[in-house]
Trainee: 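The structure that follows is given in the form of structure tokens.
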Amino acid sequence: MNAVNGVGRRVFLQGSGGLFIAFSLFGRAEAAEAPQKIGTVHAPPPADRLYAWLAVHPDNTATLFTGKVDVGTGTETALAQIAAEELDFPVDRLGVVMGNTAETVNQGPSYGSRTIRYAGPQIRQAAAAGRAALLDLAARHFGTKADALTVRDGVVSVKGAPGKTVTYGKLVDGKRLDMKIGASGTSFGMKVAPQAKPKNPADYTVIGRSVPRKDIPGKILADFTYIQDVRVPGMLHGRVVRPYGVHAKLESVDVSAVKDIPGFVQLVRRDNFLGVVCETEWGAIQAAAKLGSVLHPKGPDAYPAKWSKWDGLPPMDRIWDVVRDAPGKTTMVANRGSVDNAMATAAKTLKATYQTPFQMHGSIGPSCAVADVNKERAIFWSGTQMPHEARRDMAKLLGMKPDQIELRWFEAAGAYGRNGLEHAVADAALMSQAVGRPVRVQWMRWDEHGWEPKGPPIAQDLEAAIDAKGNVTAWRHRMWIPTFLDTTLIAAELIGRPDLVGSVGHGLPAITYAYQFENAEVSSHGDGKVALRTAWLRSPAQYETTFAMESFIDELAAATGQDPLDFRLKHLKDPRAIDVLKAAAKQYGWKPRPARGKSPQGGKPVTGRGIAWVNRDDSRVATIADVTVDPQSGTIRVERVVVAHDCGLVVNPDGIRNQVEGNVIQSISRTLHEEVTFDRSHVTSRDWVGYPILRFSEVPDSIEVVIVNNDPKYPMHGAGEPATCPTAAVISNAVYDAVGIRLRELPFRPDRVKAALGRA
């Protein structure tokens, strides 16, 4: 249920027949809580109580509560399948409440392909505890022992007496599941109901089945409520006025310039934060534009909001020097043998440099949030991937206690990293606090493109030694990776208190040393800030590092005249990596041969094939693709993609295929088109012309998915990111196979392809 118009799930359900009703194991307490007032704030439920995870309703429907959220990856359905499996309950009668901090336990943020991996076992244990508790109630009901009962589709029967049945709903009888199930730890490391005994995977009937996603019908029928659709009573509209220079200081603003705009309410200024609040969204748009926040077409000095001059961004053609010179620490990922000695005695050595630019999340729907702040409490409506963390951060920003904050989650129109969603929450918070009424902040396209945190540029140098038999004897991979955790909230910095919030994300770049070379040195240099605000992008850093690693592996195979697949298999010991490579090759119909690497003749389009693989957080993926290169236009078209995917036990096979297809399409876009541009003051690629993405006409004709090692002996791991990683390398390798050029800098735009062909 969605909390639209300020009416929470409790109010709606209680006012529509009591579908969600309080239950006390020790007797009928308050059968239903008092209707939730719009302004009432509730703390998260205790993780050691069953009602924090499950509710059973009189009509024999049920609700799963999870602190995780679904950003389009289908986790709502997959988590429901896990719970339904353990409960022996129909998945289509199991609703899911996600991310609302008053109703869900903090299971950690929803990122890094970690939802199924970490929240799945927590929910499995809670549901197993729920089934045991319900069977205990049924045993009392029938006057027998729990092991004399069986359950199917939420109906309990006495074994050998098919006429003796009772539903879960009848057993609960309008009460709250207040059993203590036990819980310890927090976030990803939380252990729930450790004494509960889950099913034997051999008995699974729901997990492993392609269940239709719960969110799709509403999205298809335009009945789905995104965060952009949320409206609350008395709501005003706000816009932030952005400076011309990224870090410019606000010197003055003439409020008289916007007072006559119909519906104008207030100008909100705190240090360098400047916002306008109006009765209508159009009024807010007009006011912000008049003050100069749009694109400053008349220049930065022609508007009533006066900012200091700031031109601290480096020239774009110097960004790689800035990346390499950025301060930071060096982390050794692998260090074995003696690379220098092996290089000195090698029959052949190769070197290559790979560069990947600033890229943005490019959310189709710009970020949005609603805030209702007063002196006693604050309620937020947001699409953040980190609702419980955002609750904590907003408490710091507003000088409140977390118990005074509640966040009600709605899906946004795209995330895959730290885009503008958290920043829009902070914008709304400051404006609502200033005017004392709910304020909705909808970023505009130029806000999203210009001010969302970007994926950082990364430079990589690789070097390898090869002996006379074509074996790799040494491998050196050096990476310059600026921080992608520069995600303190923009609004907090503008009011002069970035320390109030701190980072809204944690983690390290996913860098792996995959091949078993006798002498190897793999290092990452980074953590320093570089030019623009940065944050996670889908599969942080590993899309870029896989591009370099797997492209260079291909260069070594070509230099020794070996088949690219055989070359990889020869240097791998990980059996699951070998499995995905062989599975992809079988599906593709791979025929062993070295990459052709020949220049095109006659200027006609040429087709080539490429292969690459990755281990992303213990999910293995191998990708093979056919591309067509047009030497005349310089365009690359990806025709066919085969992906073999191993993320262990699969909850929903169709969901995996959905995710692989989405990964492939988005990463093709990043590979062929996407690059943030900027001048000395600000981002210049602030629309879809300046920052093009893949068009429908460019989507491959075929994306084939092979699921590998779908076996209960392997834990459930994630599919939201891994298939992103091999794409750039696959396309680069296929281009070499087609026309004999090496593309080592993203994106592979036509001008770069033609320039490379001219040098071939």
Trainee: What do the steps show when you test Val621 against Asp646 for side chain to side chain contact (heavy atoms under 4.5 Å, CB included), and what is the final call?
Mentor: CA-CA 6 Å; Val621 174; Asp646 172 7; over 6 Å; no
Trainee: Suppose we call two aromatic rings close when their centres sit under 6.0 Å apart. Are Tyr111 and Trp536 close by that rule?
Mentor: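 Ring centres of Trp536 and Tyr111 closer than 6.0 Å.
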Trainee: Go through the steps for Leu79 and Thr115 under the test side chain to side chain contact (heavy atoms under 4.5 Å, CB included), then give the verdict.
Mentor: CA-CA 9 Å; Leu79 293 177; Thr115 294; 3.9 Å; yes
Trainee: Closer than 4.0 angstrom, basic N to acidic O: yes or no for Arg213 and Asp215?
Mentor: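 Salt bridge flag = yes for Asp215 with Arg213.
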Trainee: Assess the side chains of Gln659 and Arg657: does a donor N or O sit below 3.5 Å from an acceptor N or O?
Mentor: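 Their side chains do not contain a donor-acceptor pair, so the 3.5 Å distance test is not met.
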Trainee: Taking C-beta and beyond as the side chain, do Asn60 and Arg93 meet within less than 4.5 Å on heavy atoms?
Mentor: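 Yes; the side chains approach each other to less than 4.5 Å.
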Trainee: So if I apply the side-chain hydrogen bond (donor to acceptor under 3.5 Å, both in side chains) rule between Asn663 and each of Thr727, Thr73, Thr724, which one comes out positive?
Mentor: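 One option only clears the test, and that one is Thr724.
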Trainee: Should the pair Arg377-Asp372 be classified as a salt bridge under the 4.0 Å nitrogen-to-oxygen rule?
Mentor: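 Salt bridge between Arg377 and Asp372, a charged N being under 4.0 Å from a carboxylate O: yes.
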Trainee: Any side-chain heavy-atom pair from Glu704 and Val641 closer than 4.5 angstrom?
Mentor: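 Glu704 vs Val641: side chains apart.
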Trainee: Please tell me whether Thr101 and His42 have a donor and an acceptor in their side chains that are separated by less than 3.5 angstrom.
Mentor: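 Checked: Thr101/His42 side chains show no N/O donor-acceptor pair below 3.5 Å.
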Trainee: Answer yes or no: is there an ion pair linking Arg408 with Glu406, defined by an N-O contact shorter than 4.0 Å?
Mentor: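 Here Arg408 pairs with Glu406 in a salt bridge, since their nearest N and O are under 4.0 Å apart.
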Trainee: Would His57 and Thr63 count as a side chain to side chain donor-acceptor pair (under 3.5 Å) if you check the C-alpha gap in whole Å, the side-chain angles of each, and the deciding distance to 0.1 Å?
Mentor: CA-CA 8 Å; His57 313 306; Thr63 302; 2.7 Å; yes
Trainee: Look at the side chain of Gln442 and the backbone N and O of Pro366, then say whether any donor-acceptor pair between them is shorter than 3.5 Å.
Mentor: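 Pair found, side chain donor or acceptor close to backbone of Pro366.
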Trainee: Would you say the side-chain atoms of Asp48 pair up with the backbone N or O of Ile181, donor to acceptor, closer than 3.5 Å?
Mentor: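 A pair under 3.5 Å: no.
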Trainee: Just wondering, do Glu389 and Asn106 contact through their side chains at under 4.5 Å, heavy atoms?
Mentor: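 A side-chain contact exists here, since the closest heavy-atom pair is under 4.5 Å.
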Trainee: Does Gln587 use its side chain to pair, donor to acceptor, with the backbone of Ala584 at less than 3.5 Å?
Mentor: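 Not a single qualifying donor-acceptor pair exists.
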Trainee: Is the number of heavy atoms from other residues, nucleotides or ligands under 6.0 Å of Lys582 NZ greater than 12?
Mentor: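 No, because the 6.0 Å sphere around NZ of Lys582 holds 12 heavy atoms or fewer from other groups.
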Trainee: Does Asp617 pair with Arg117 as a salt bridge, N-O distance under 4.0 Å?
Mentor: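 Judged by the 4.0 Å cut-off on N to carboxylate O distance, Asp617 and Arg117 do form a salt bridge.
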Trainee: At their closest point, which heavy atom of Ala412 faces which heavy atom of Gln228, and how far apart are they?
Mentor: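 Smallest interatomic distance, heavy atoms only, reads CA-OE1, 4.3 Å.
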Trainee: So how far is it from Lys191 NZ to Thr186 OG1, rounded to the nearest 0.5 Å?
Mentor: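 Between atom NZ of Lys191 and atom OG1 of Thr186 there are 11.5 Å.
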Trainee: With distance as the sole criterion, is a donor-acceptor pair present between the side chains of Gln122 and Gln107 under 3.5 Å?
Mentor: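 Yes, side-chain donor-acceptor contact under 3.5 Å.
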Trainee: Using a 3.5 Å distance criterion without hydrogens, assess whether the side chain of Ser432 forms a donor-acceptor pair with backbone atoms of Val373.
Mentor: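 At least one qualifying donor-acceptor pair exists.
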Trainee: Please confirm whether Arg538 makes a cation-pi placement over Tyr543, using NZ or CZ under 6.0 Å from the six-membered ring centre and within 45° of the ring normal.
Mentor: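 The answer is no; the distance or angle limit is not met.
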Trainee: Between Gln125 and Pro198, what is the shortest heavy-atom contact and its length?
Mentor: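 What the structure gives for the nearest pair is OE1-CG, 3.3 Å.
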Trainee: If only atom types and distance count, is the side chain of Tyr168 paired as donor or acceptor with the main-chain N or O of Leu87 below 3.5 Å?
Mentor: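 Flag set: sc Tyr168 to bb Leu87 pair under 3.5 Å.
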Trainee: Run Asn652 and Thr77 through side chain to side chain contact (heavy atoms under 4.5 Å, CB included) and show every step you take.
Mentor: CA-CA 8 Å; Asn652 187 330; Thr77 303; 3.9 Å; yes
Trainee: Contact between Lys214 and Glu76 at the side-chain level, heavy atoms closer than 4.5 Å - yes or no?
Mentor: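 Yes - at least one pair of side-chain heavy atoms lies under 4.5 Å apart.
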Trainee: Taking atom types as modelled and ignoring hydrogens, do the side chains of His717 and Ser113 form a donor-acceptor contact shorter than 3.5 angstrom?
Mentor: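 No - no donor-acceptor pair under 3.5 Å links their side chains.
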Trainee: Could you tell me if the side chain of Val192 sits less than 4.5 Å from the side chain of Trp53, heavy atoms only?
Mentor: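 In short, these two side chains touch, coming nearer than 4.5 Å.
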Trainee: Can you name the nearest heavy-atom pair linking Ile123 to Ala83, along with the distance?
Mentor: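 That closest heavy-atom pairing would be CG2-CB, 3.9 Å.
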Trainee: Nearest 0.5 Å, what's the OG1-CD1 distance between Thr75 and Ile82?
Mentor: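 Interatomic distance, Thr75 OG1 to Ile82 CD1, rounded to 0.5 Å: 10.0 Å.
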Trainee: Please confirm whether the backbone N or O of Thr150 pairs with a side-chain atom of Lys159, one donor and one acceptor, at under 3.5 Å?
Mentor: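 No, the answer is negative, given that no donor and acceptor are paired below the 3.5 Å cut-off.
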Trainee: Under the 3.5 angstrom rule, does the side chain of Arg620 hit a backbone N or O of Asp618 as a donor-acceptor pair?
Mentor: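 Checking the backbone N and O of Asp618 against the side chain of Arg620, a donor-acceptor pair under 3.5 Å is found.
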Trainee: Flag yes if more than 12 heavy atoms outside Lys197 fall under 6.0 Å of its NZ atom; otherwise flag no.
Mentor: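 Open: at most 12 neighbouring heavy atoms sit under 6.0 Å from NZ of Lys197.
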Trainee: State, yes or no, whether a side-chain contact exists between Pro217 and Phe224 at a heavy-atom distance under 4.5 Å.
Mentor: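 They are not in contact (no side-chain heavy atoms under 4.5 Å apart), so the answer is no.
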Trainee: At what distance, to the nearest 0.5 angstrom, does CZ of Arg391 lie from CG of Asp403?
Mentor: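 That separation rounds to 5.5 Å.
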Trainee: Can you check whether Tyr204's main-chain N or O pairs, donor with acceptor, with Glu85's side chain at less than 3.5 Å?
Mentor: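 It does not hold such a pair.
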Trainee: Any chance you could lay out the salt bridge (charged side-chain N to carboxylate O under 4.0 Å, His left out) test for Arg152 and Asp88, step after step, and finish with the verdict?
Mentor: CA-CA 6 Å; Arg152 181 175 180 179; Asp88 285 316; over 6 Å; no
Trainee: Does the side chain to side chain contact (heavy atoms under 4.5 Å, CB included) test come out yes or no for Glu411 and Ile227, once each step is laid out?
Mentor: CA-CA 6 Å; Glu411 187 174 333; Ile227 183 59; over 6 Å; no
Trainee: Side chains of Met394 and Leu407: does their closest heavy-atom pair fall under 4.5 Å?
Mentor: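 No, too far: nothing below the 4.5 Å cut-off.
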Trainee: So how far is it from Ser382 OG to Leu421 CG, rounded to the nearest 0.5 Å?
Mentor: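 Interatomic distance, Ser382 OG to Leu421 CG, rounded to 0.5 Å: 5.5 Å.
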Trainee: For Met179, run the side chain to side chain contact (heavy atoms under 4.5 Å, CB included) check against Leu134, Leu54, Leu50 and tell me which one passes.
Mentor: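 Among Leu134, Leu54, Leu50, the one meeting side chain to side chain contact (heavy atoms under 4.5 Å, CB included) with Met179 is Leu50.
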Trainee: Working to the nearest 0.5 Å, report the span between NE2 of His141 and OG1 of Thr144.
Mentor: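 If I round to the nearest 0.5 Å, the distance is 12.0 Å.
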Trainee: Closest heavy-atom contact between Glu721 and Ser539?
Mentor: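 Smallest interatomic distance, heavy atoms only, reads OE2-N, 2.9 Å.
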Trainee: Report the distance from atom CG of Leu149 to atom CG of Leu135, rounding to the nearest 0.5 Å.
Mentor: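 One gets 6.0 Å once the value is rounded to the nearest 0.5 Å.
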Trainee: Quick check: closest heavy atoms across Pro712 and Leu649, and the distance to 0.1 Å?
Mentor: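 Looking at all heavy atoms of both residues, the shortest contact is N-CD1, 4.0 Å.
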Trainee: Quick one: are Ile703 and Ile665 in side-chain contact, heavy atoms under 4.5 Å?
Mentor: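 With C-beta onward as the side chain, the pair touches.
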Trainee: Between the side chain of Thr167 and the main-chain N/O of Lys170, is any donor-acceptor distance below 3.5 Å?
Mentor: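 A pair under 3.5 Å: yes.
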Trainee: Show the nearest heavy-atom pair for residues Arg616 and Pro540, with the distance to one decimal.
Mentor: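 Arg616 and Pro540 have their closest heavy atoms at NH2-CD, 3.6 Å.
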Trainee: Would you check, one step at a time, whether the test side chain to side chain donor-acceptor pair (under 3.5 Å) holds for Thr104 with His388?
Mentor: CA-CA 9 Å; Thr104 68; His388 288 269; 3.1 Å; yes
Trainee: Would you say Asn710's side chain and Ile707's backbone share a donor-acceptor pair under 3.5 angstrom?
Mentor: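 Checked: no pair found.
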